Amino acid sequence: QVQLVESGGGLVQAGGSLRLSCAASGSGFRIYAMGWYRQAPGKQREMVATITSGGSTNYADSVKGRFIISRDNTKNSVYLQMNSLKSEDTAVYYCYSNHPLTRVDSWGQGTQVTVSS
């Protein structure tokens, strides 16, 4: 099981930008599928963005055109660039990974993103 540590969360005004980082421990990062999920109080956790080992990305409709997920395999890291932030983006953001062979999922502990209106 890979260990994931998120960073970069904080308080930002609507319309601003924030960049989240997720650092993975262990070997084999290159083949992991990675992603970002978020959960607001009283709501279910939802997928925000995913990126495969080959670089294919998917985004939730609510963030398309505003967020960009990327990865740097040399740094065992995945990033979420969040632009044009809205108050609705306020949530705890979680990094996740999936090993394509073992199919084991790993989750970070989350980082809080708060967008003021």
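The shown structure was predicted, so the numbers you read here are calculated from the model rather than taken from an experiment. The chain is numbered in sequence order, starting from 1.
- Using a 4.5 Å heavy-atom threshold, the side chains of S106 and S97 count as touching.
- The distance from the CE atom of M34 to the CG atom of L80 is 11.5 Å, given to the nearest 0.5 Å.
- Separation of atoms CD (Q3) and CD (Q109) is listed at 9.5 Å; rounding is to 0.5 Å.
- Remark: R71 fails to qualify as a cation-pi partner of Y79 under the 6.0 Å distance and 45° angle criteria applied to the six-membered ring.
- Residues L4 and C95 come closest through the heavy atom pair CD1-O, 3.6 Å.
- Taking the ring centroids of Y96 and W107, they lie under the 6.0 Å cut-off.
- Residue L85 is not grouped with residue Y94 when hydrophobic side chains (ILVMFWY) are merged at heavy-atom distances under 4.5 angstrom, including chains of intermediate members.
- Cluster annotation: I31 is connected to F29 through the hydrophobic network of ILVMFWY side chains, with a link wherever side-chain heavy atoms come within less than 4.5 Å.
- For R45 and Y37, the side-chain atoms include no donor-acceptor pair closer than 3.5 Å.
- Side chain to side chain, S17 and N83 meet the donor-acceptor criterion of an N or O pair below 3.5 Å.
- For Y59 and F67, the gap between ring centers reaches or exceeds 6.0 Å.
- Y93 is listed as a side-chain neighbour of M82, based on a closest heavy-atom distance under 4.5 Å.
- Between the S77 side chain and the K75 main chain, a donor and an acceptor come within less than 3.5 Å of each other.
- Under a 3.5 Å cut-off, the side chain of D89 and the backbone N or O of V113 do not form any donor-acceptor pair.
- Heavy-atom minimum distance, A49 versus M47: N-SD, 3.3 Å.
- For T90 and E88, the side-chain atoms include no donor-acceptor pair closer than 3.5 Å.
- Hydrophobic clustering (side-chain heavy atoms under 4.5 Å, transitive across Ile, Leu, Val, Met, Phe, Trp, Tyr) groups V48 together with V12.
- Here the OG1-CG distance, from T50 to N58, works out to 4.5 Å after rounding to the nearest 0.5 Å.
- The two residues S87 and S117 come nearest to each other via the heavy atoms CB-CB, 4.4 Å.
- Distance check: W36 CH2 to T111 OG1 gives 7.5 Å after rounding to the nearest 0.5 Å.
- Residues K86 and R66 have side chains in contact (heavy-atom distance under 4.5 Å, counting atoms from C-beta outward).
- A donor-acceptor pair is defined here as one N or O able to donate and one able to accept, closer than 3.5 Å; no such pair exists between the side chain of E46 and the backbone of R38.
- Side-chain contact between Q81 and L18 is absent, with no heavy atoms from C-beta onward closer than 4.5 Å.
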